[in-house]
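Following: one structure in structure tokens, then a few remarks.
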Amino acid sequence: MIEVLKIYKSFGGKAVLSGISLEVNKGEVVAVIGPSGSGKSTLLRCINLLEKIDRGTIAVENEIMVSTNANGRAEYADKKKLRDIRLKLGLVFQNFNLFPHFNVLKNITEAPVSVAGTRKQEALETALQLLEKMGLEDKAEAYPFELSGGQSQRVAIARALALNPDVLFFDEPTSALDPELTLEVMKVIRKLAEEHMTMVVVTHEMGFAREVADRVIFMDNGVIVEQGTPEELFTNPKNERTKMFIKGFN
Ligand code: ADP
Ligand code: MG
């Protein structure tokens with residue numbers, strides 16, 4: 001589904017991603033863990049075309065988004081192709097990023113109607129179905145300021161799903177939430193996992209990673225230090241840095 005090969009990214013001369021390679025298979029749930037500043041958000045932002053890489057290859061469903069040209073620089077596909085690729089990817093942020101001046105329904109239907117060209121009526125029907133799935137059918141007319149953090153995040157997830165992405169990325173979806181609200185958001189993500197939605201979840205919730213992920217990736221300092229099944233990584237980490245990091249959560 002997603003293929004990332006030796007990508008590099010620096011900000012102002014500071015290397016943030018240093019040769020990251022990773023694959024995400026259809027139906028797989030991958031958790032990405034690692035200390036703050038290790039490059040997890042940058043990795044998601046690069047795959048989701050919110051940042052440009054310096055070098056390396058990214059492909060989505062065998063469509064090349066970017067690869068390294070003969071001069072050793074990243075060369076991106078044309079606009080139309082990037083737009084098509086972008087529509088296959090959904091991203092949910094830590095801070096929800098809802099449009100404050102739109103109600104919940106409009107937050108969810110805006111992109112399908114104005115970006116993907118979905119008919120308004122169809123977009124509305126989909127939005128209502130998604131709200132029901134998120135347990136928020138009574139919030140269709142509410143504005144973001146009227147929602148709790150957990151409700152806002154579930155609306156953000158519905159909004160991402162409304163574009164019917166092939167892969168959904170989450171960047172610390174619960175780190176702005178109280179424990180109680182964290183649970184309601186994780187429940188929704190767990191449900192999507194049961195439906196075999198392909199997902200990449202950056203998280204500090206080790207219990208969640210352990211329980212829901214098929215594979216866990218530990219990043220530190222711009223590289224993937226270790227990856228494996230939750231069992232391998234949490235019970236029997238091989239790398240010292242992984243051991244130290246996981247210990248910090250026990
Ligand atoms: P993580 O999500 O693992 O905490 P980030 O990907 O947010 O890590 O950041 C990795 C490093 O890149 C940090 O040192 C951060 O300060 C730096 N960084 C991230 N985004 C930018 C940016 N837009 N400009 C400059 N530095 C950035
Ligand atoms: Mg981050």
Side-chain angles (χ1 to χ4, degrees), residues 1-2 24 26-29 44-45 47-51 58 60-63 65 77-174 176-177 181 184-202:
M1 210 90 183
I2 305 279
V24 182
K26 192 173 162 61
E28 198 179 21
V29 179
L44 290 200
R45 292 174 60 81
I47 299 173
N48 283 275
L49 284 159
L50 297 175
E51 294 290 353
I58 302 175
V60 176
E61 291 171 7
N62 296 319
E63 300 276 355
M65 171 199 293
D78 61 65
K79 268 202 178 127
K80 155 108 184 40
K81 191 164 176 186
L82 291 182
R83 186 180 166 279
D84 291 345
I85 290 176
R86 182 70 192 86
L87 281 172
K88 296 176 188 230
L89 311 173
L91 178 57
V92 175
F93 301 89
Q94 177 177 349
N95 292 311
F96 333 129
N97 289 12
L98 297 177
F99 305 116
H101 54 297
F102 288 165
N103 71 15
V104 164
L105 265 186
K106 177 104 169 144
N107 261 282
I108 300 173
T109 56
E110 177 61 16
V113 170
S114 67
V115 182
T118 309
R119 282 183 306 112
K120 203 164 177 188
Q121 189 54 37
E122 194 185 326
L124 275 173
E125 281 163 21
T126 305
L128 289 169
Q129 279 168 16
L130 286 168
L131 281 177
E132 196 184 327
K133 187 168 174 179
M134 298 295 142
L136 290 172
E137 52 276 45
D138 55 333
K139 297 291 177 192
E141 307 289 333
Y143 280 81
F145 75 88
E146 300 173 290
L147 304 174
S148 73
Q151 290 167 342
S152 298
Q153 192 57 299
R154 284 182 286 150
V155 171
I157 295 170
R159 182 177 62 175
L161 288 170
L163 285 164
N164 198 21
D166 292 345
V167 187
L168 199 48
F169 295 83
F170 294 87
D171 193 357
E172 298 192 19
T174 62
L177 305 176
L181 302 181
E184 66 182 52
V185 169
M186 292 201 296
K187 202 169 131 191
V188 165
I189 301 175
R190 188 173 291 129
K191 195 163 155 189
L192 293 172
E194 281 162 11
E195 294 168 6
H196 305 291
M197 180 82 207
T198 310
M199 295 188 284
V200 178
V201 187
V202 173

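This one's a predicted model, so the numbers in the text were calculated from it and none came from an experiment.
Not counting sequence neighbours, the partners of Phe102 by the ring pair (Phe, Tyr, Trp, His ring centres under 6.0 Å) test are Phe99.
By the 6.0 Å contact criterion, CG on Asn62 is open, its count of non-hydrogen atoms from other residues, nucleotides or ligands being 12 or less.
Residues Leu181 and Glu184 approach most closely at O-CG, 3.0 Å, considering heavy atoms. In terms of heavy atoms, Val113 sits closest to Ala123 at CG2-CB, 3.7 Å. Of all heavy-atom pairs between Asn107 and Pro144, the closest is ND2-CG, 3.9 Å. Here the shortest heavy-atom pairing between Ile189 and Pro173 reads CD1-CG, 3.9 Å. In plain terms, the two heavy atoms of Ser152 and Phe96 that are nearest each other are CB-CD1, 3.5 Å. Between Ile108 and Ala127, the shortest heavy-atom distance links the atoms CG2-CB, 3.6 Å.
Here the CG atom belonging to Leu128 is positioned 9.5 Å from the CD atom belonging to Glu137, to the nearest 0.5 angstrom. Going from atom CG of Leu136 over to atom CG of Leu147 covers 7.5 Å, rounded to the nearest 0.5 Å. Atom NZ of Lys26 and atom CG of Asp166 lie 6.5 Å apart (nearest 0.5 Å). Rounded to the nearest 0.5 Å, atoms CG (Leu161) and CG (Leu168) are 5.5 Å apart. The CG atom of Leu98 sits 8.0 Å away from atom CD of Gln153, with the distance rounded to the nearest 0.5 Å. Interatomic distance, Ile157 CD1 to Lys191 NZ, rounded to the nearest 0.5 Å: 11.0 Å.
Considering only heavy atoms from C-beta on, Leu192 stays 4.5 Å or farther from Val29 through its side chain. A heavy-atom distance below 4.5 Å is not found between the side chains of Pro112 and Thr126. Residues Glu63 and Asp84 fail the side-chain proximity criterion, which asks for heavy atoms closer than 4.5 Å. Residues Phe169 and Ile2 have side chains in contact (heavy-atom distance under 4.5 Å, counting atoms from C-beta outward). Using a 4.5 Å cut-off on side-chain heavy atoms (C-beta onward), Leu89 and Met65 make contact. Looking at Thr174 and Met186, their side chains come closer than 4.5 Å, going by heavy atoms from C-beta outward. Two residues are said to be in side-chain contact when any heavy atoms from C-beta on lie closer than 4.5 Å; Gln129 and Lys133 fail this criterion.
The side-chain hydrogen bond (donor to acceptor under 3.5 Å, both in side chains) pairs that include a residue from residues 86-101 are Glu61-Lys88, Gln94-Ser175, where partners are two or more places apart or lie in different chains.
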Starting from the C-alpha separation in whole Å, work towards a yes-or-no answer on side chain to side chain contact (heavy atoms under 4.5 Å, CB included) for Leu44 and Leu50. CA-CA 9 Å; Leu44 290 200; Leu50 297 175; over 6 Å; no
Apply side chain to side chain contact (heavy atoms under 4.5 Å, CB included) to residues Leu91 and Ile47 and explain how you reach the verdict. CA-CA 10 Å; Leu91 178 57; Ile47 299 173; over 6 Å; no
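Judged purely by atom type and a 3.5 angstrom limit, Glu146 uses its side chain to pair as donor or acceptor with the backbone of Tyr143.
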